[in-house]
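Remember, predicted model here, so these are calculated numbers, not experimental data. Each ligand, and each atom within it, is numbered from 1 in the order the structure gives.
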Amino acid sequence: MTQALYEKAMTAAQFIRSQWTFPIKAAVVLGSGLGAFAEQLDDRREMAYRHIPHFPVSTAEGHAGRLVLGWCQRIPVAVMQGRFHYYEGYTLEEVTFPIRVFGLLGIKTLILTNAAGGINRQFEPGSLMLIADHLNLMGANPLRGWNDARFGPRFPDMTMVYSKAYRDLAKREAAAMGLKLEEGVYVAVSGPSYETPAEIRMLRTLGADAVGMSTVPEAIVARHMGMDVLGLSLIANMAAGVLERPLDHREVLEMGERMSGVITAFLRRLVPRLVEPSLGESSG
Ligand code: HPA
């Protein structure tokens, strides 16, 4: 971490608060092709990343690159439509900068979504997987370097990165919606090349169920700051070598678009219940 990170994140947080004064309860990061959730917020206020002080600018296809503030079932939320990836050339400090800002805004609930490749043979394209745990094989950690104790401890615990209470809630709500929800281990790699079949066999042996190029740095930083995390992977394709055909990024975006409605409905149901667990007792 660099010395000025706290001040930069504070400047960005103050800017956001000056534009939208409501007490934001949850932040949602939308993965490839999953932008629709942001469109359904009430009384939206959109901010291009380039207008927020110190925010990096997104370059990946299928990523809009804006922060959308608005109300989801009467809960004030901040939604990232597009995220920053390590493979784009950003440092992990840049990749996780928005999470620092969310933490400084006092947001306690973080929902991370992504499109991932299915390693577990029980999965199929279009499956939804709750992230139970992760493997960080990016070869880097966002907390490397000087630690600013205002953010969190030098050696943060990672025993429970993905809140058990949130996972239980997600399973219950998925069941109530008749939505099939898998659960598994997400492995993060740096990309941008997709994996080889040999790498996928290795990752399966290591205990991974899905593979992707995001989420883990964000989850580590969120835990560093004491936020509670829910992780959700859309299995956009089967990982390399599982099926006898090559991978194509268009397929990933198309599956995102196809499943965007279902994921949006699920998130809209989930957000108020994660923020106020007592709501979970009622239906609707
Ligand atoms: N591998 C890595 N990242 C991905 C994949 C994949 O197969 N699909 C979507 N993101």
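The side chain to side chain donor-acceptor pair (under 3.5 Å) search around Thr113 returns none, not counting sequence neighbours.
Nearest to atom 5 (C) of ligand 1 among the protein's heavy atoms is Gly117 N, 3.4 Å. Protein heavy atom in closest approach to atom 4 (C) of ligand 1: Val211 O, 3.7 Å.
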From CA spacing to verdict: salt bridge (charged side-chain N to carboxylate O under 4.0 Å, His left out), Lys180, Glu124: CA-CA 12 Å; Lys180 188 161 184 238; Glu124 51 189 28; over 6 Å; no

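The distance from ligand 1 to the heavy atoms of Ala115 drops below 4.0 Å at these ligand atoms: 9 (C), 10 (N). Atoms of ligand 1 lying under 4.0 Å from any heavy atom of Met213, numbered from 1 in the order shown and given with element: 2 (C), 3 (N). Within ligand 1, the atoms closer than 4.0 Å to a non-hydrogen atom of Glu195 are 1 (N), 2 (C), 6 (C), 7 (O), numbered from 1 in the order shown. Residue Leu247 has at least one heavy-atom neighbour below 4.0 Å for each of these atoms of ligand 1: 7 (O).
Among Asn237, Val252, Ile119, the residue whose heavy atom sits closest to atom 8 (N) of ligand 1 is Asn237.
Of the charged side-chain nitrogens involved, at least one lies within less than 4.0 Å of a carboxylate oxygen, so that Arg245 and Glu251 count as a salt-bridged pair. Contact check on Arg204 versus Asp209 returns no salt bridge, with no Lys/Arg side-chain nitrogen under 4.0 Å from an Asp/Glu carboxylate oxygen.
Put simply, no part of Ala236 is less than 4.0 Å from ligand 1, judged by heavy atoms.
For the pair Arg167 (side chain) and Leu130 (backbone), a donor-acceptor distance under 3.5 Å is absent.
Under 4.0 angstrom from ligand 1, the non-hydrogen atoms of Ala116 all belong to its backbone.
Aromatic ring pairs are classed by plane angle as parallel below 30°, tilted from 30° to 60° and perpendicular above 60°; the pair Phe22 and Trp20 is perpendicular.
At a cut-off of 3.5 Å, with distance as the only test, a side-chain donor of Ser233 or Asn114 sits close to an acceptor on the other residue.
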